[in-house]
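Each chain gets a letter, A, B and so on, in the order the sequences are listed, and its residues count up from 1. Fair warning: this is a prediction, and the values are worked out from it, not measured in the lab.
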2 protein chains.
Amino acid sequence: MATLKDISVELGLSVATVSRALNGFPEVGAKTRSRVQDAAARLGYRPNRSAQRLATGRSGVVGMIVKLRADMSADQTFFDVLTTLTAELAARDLDLVLSVDQGDDPVAPYARMLERDLLDGFVLNAPATGDPRPGFLMARGVPFVMHGQADPAPGYAFFGIDNTAVSVDSVGLLASLGHARIALINGEPRFAFAAEREAGFRAAMTAEARAVPAAFIADGPPTESTGYTLALSWLSGRAGPRPTAILCATTPVAAGVLRAARDLGLSVPRDLSVVAHDDALPNIRPAHFNPALTVTHAPLRDACAPLAEMLIDHLNGAPAARLQTVKRAGLIVRASTGPVPKGEEHPWQIP
Amino acid sequence: MATLKDISVELGLSVATVSRALNGFPEVGAKTRSRVQDAAARLGYRPNRSAQRLATGRSGVVGMIVKLRADMSADQTFFDVLTTLTAELAARDLDLVLSVDQGDDPVAPYARMLERDLLDGFVLNAPATGDPRPGFLMARGVPFVMHGQADPAPGYAFFGIDNTAVSVDSVGLLASLGHARIALINGEPRFAFAAEREAGFRAAMTAEARAVPAAFIADGPPTESTGYTLALSWLSGRAGPRPTAILCATTPVAAGVLRAARDLGLSVPRDLSVVAHDDALPNIRPAHFNPALTVTHAPLRDACAPLAEMLIDHLNGAPAARLQTVKRAGLIVRASTGPVPKGEEHPWQIP
DNA sequence: CTGAAAGCGCTTACAG
DNA sequence: CTGAAAGCGCTTACAG
């Protein structure tokens, strides 16, 4: 393995200059820099991470703690994000160490990890409403970035999508097609994103002057069977007048809804419109659904690069207030949404 | 953070002695050692990994490469192993870095990882028959341990279960119950474990003088639907005389078999005996199956500690020949196996 | 059994 | 714009 010393000898420079040239210090002259870069490439130089870390006092490792869940589709989501995040962090010379937790205390695993490992920071996932983790870490001065946001106006770094807009945009599309009875199959209420989606949904429905009976806002694990069970009960008409459109938290949920409609002999989109939020899970292609699924689209894995970038910036001293990004999901209209059926334009009557 | 220096000052010793005491060098006196250990605990000393790694020339990171699969149950298995393995390696001061690969060349990702990262070694998973990875890594002198074994008498370190015995033991149990028509739903043939299980199955059946028609040895992804589909076709009798017992590669496969039996109005174990190999996946409890499932039992996660231990030993110079362990899976007899139905004791007639 | 010293490969004030 | 030097916190021959 070539070292800085090797390059410095090769070029008759000091290791200090070689180090500065390679690290982009502005005071190094252009020709010197390119000579150094050439030599580094020629000798196959790779910085020794341990030496860099020892010299800078950083460990180069960031932690992430995951809750083990019974639910398999969560594992799949997690797996996708994990691999992408690992790659994005690696590209920035950061190692990700993972810890699995099954306990009830949300902050205990962080405390444990902090005292066991030398960590430069954390990536927080799955924000819950009233999440205690940000407060815990901020009190200890530990840098972190959150995937999503747990608070309306956070004092910490985060990257997420506008979940209110996800609902508002979906309702907007359906309303423009004449739908008045729109039901929601939401994510589990402990997650902050689900609260935001529900708030957006209620606000948009209220703005359209369409009240929603409590029975038509439901939630569950993000699975096909959640979608199937709820849709079956709603579409059978047992809970009251059938919705003409259903908003789904995830694409597997939408798959269940489509199956329920099929089983009941309903045609999509003639009898029912379906919209889902699409996290772009591997192996699930809403465009290949039958009918192709209308979605709000925001790949989870697209968050990984920004998260890694923000964490690096944060570790380099950027203030949290600068490191807050909310992306708007795109609305992709496909074949699962259509005009409200004739005669079904009336909203629910709330007693 | 306390350092060796802090301890040495506290105790009036040299850092060298402190280092030796903490690292278990035999030449350090007992009282000195315990004084040092006390002081270390009192000061909350944690070794600086970067410094250790720089001094020893080891990176402290080992790599693992996973193939991304469409199949979700594989993800789940992988997830379980990954988290346990990470913990076991961390307990031995090793970081695991993960890389995901989707390409066709089995060795290319290793070459890439080797040139990108400073790695001390690898953990290899999912051995295939004729796996080129061991040869590739051995030629480069890169230490690794394999989970399972790709070759009959490997020249490398590995930890696995006796897959031949898995089949032999299962067939033995069924034969003792009088079964003669035993079918096999195996793992996918590209994996070495599946080849071993099939060989064991054939050998055991031959030993019992029970030939098996080709149609009754099948394979597929380790899913419920694989089990359901194959069992449905076999038990309907379309493929010839029904098997009276089915051996399943995994517990999800067995779940599918049980469902097929139920759909056909067959009772287990009265009409059909079912045995599966149980990797002890999270969230799948063969004891809670209905009926409770008879299995060969070998938790995948139990391999993690031995793998970590062997890798450490290997990195410390232990020769591969010393680091080869084959565990025998336990046979757990539950309610899904019973005596062969009266009148069904005759074997298949092979033309 | 213990210590003094060199070295691992970087980074970064401090001088010039 | 560049260099000499100290230092990050360990480990480990080499002496004694």
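Counting non-hydrogen atoms under 4.0 angstrom, E27(B) reaches a base of the nucleic acid. Contact annotation for G57(A): no contact, since no heavy-atom pair falls under 4.0 Å across all strands. Among the heavy atoms of the strands lying under 4.0 Å from T32(B) are primed sugar atoms or P, OP1, OP2 only; no base atom is included. As judged by a 4.0 angstrom heavy-atom cut-off over every strand, R46(B) is placed among residues touching the sugar-phosphate backbone only. R20(A) comes within contact range of at least one nucleobase, with a heavy-atom separation under 4.0 Å.
In this structure, S14(B) and T56(B) both approach DNA chain C, and ranking their closest nucleotides by distance from the 5' end singles out S14(B). Between A51(B) and P26(A), the one whose closest nucleotide on DNA chain D sits nearer the 5' end is P26(A).
Under the Watson-Crick or G-U wobble criterion, with both distances below 3.5 Å, dT2(C) is paired with dA15(D).
R53(B) has its CZ atom 16 Å from the P atom of dG9(C), to the nearest Å. Protein atom CG of N48(A) is 6 Å distant from nucleotide atom C1' of dG9(C), rounded to whole Å. The distance from atom CZ of R58(B) to atom C1' of dC8(C) is 14 Å, rounded to the nearest whole Å. With rounding to whole Å, R33(A) atom CZ is found 10 Å from dC1(D) atom P. I7(B) has its CD1 atom 17 Å from the C1' atom of dG3(C), to the nearest Å. Counting to the nearest Å, the P atom of dT12(D) and the CG atom of N316(B) are 10 Å from each other. For the pair L4(A) CG and dT2(D) P, the interatomic distance rounds to 16 Å; values are reported in whole Å. For the pair K5(B) NZ and dC10(D) P, the interatomic distance rounds to 11 Å; values are reported in whole Å.
Remark: K327(A) does not engage D162(A) in a salt bridge, criterion side-chain N to carboxylate O under 4.0 Å. A salt bridge between R53(A) and D95(A) is present, with a side-chain N of the basic residue lying under 4.0 Å from a carboxylate O of the acidic one.
The distance from the CE atom of M113(B) to the CE atom of M64(B) is 9.5 Å, given to the nearest 0.5 Å. How far CG of L11(B) is from CD1 of I7(B): 8.0 Å, rounded to the nearest 0.5 Å.
With P as the reference atom, dG9(C) and dA13(C) are 23 Å apart, rounded to whole Å.
For A55(B), whose side chain is taken as the heavy atoms from C-beta onward, the closest listed nucleotide among dG3(C), dC10(D), dC10(C) is dC10(D).
Of the residues L85(B), V123(B), D120(B), L323(B), the one that meets the side chain to side chain contact (heavy atoms under 4.5 Å, CB included) test with L311(B) is V123(B).
Between T17(A) and dG3(D) there is a side-chain N or O to OP1 or OP2 distance below 4.0 Å. The side chain of Q52(A) places an N or O atom within less than 4.0 Å of a non-bridging phosphate oxygen (OP1 or OP2) of dT11(C). For dC10(C), neither phosphate oxygen OP1 nor OP2 lies less than 4.0 angstrom from any side-chain nitrogen or oxygen of S19(A).
Ring pair Y110(A)/F136(A): centre-to-centre distance not below 6.0 Å.
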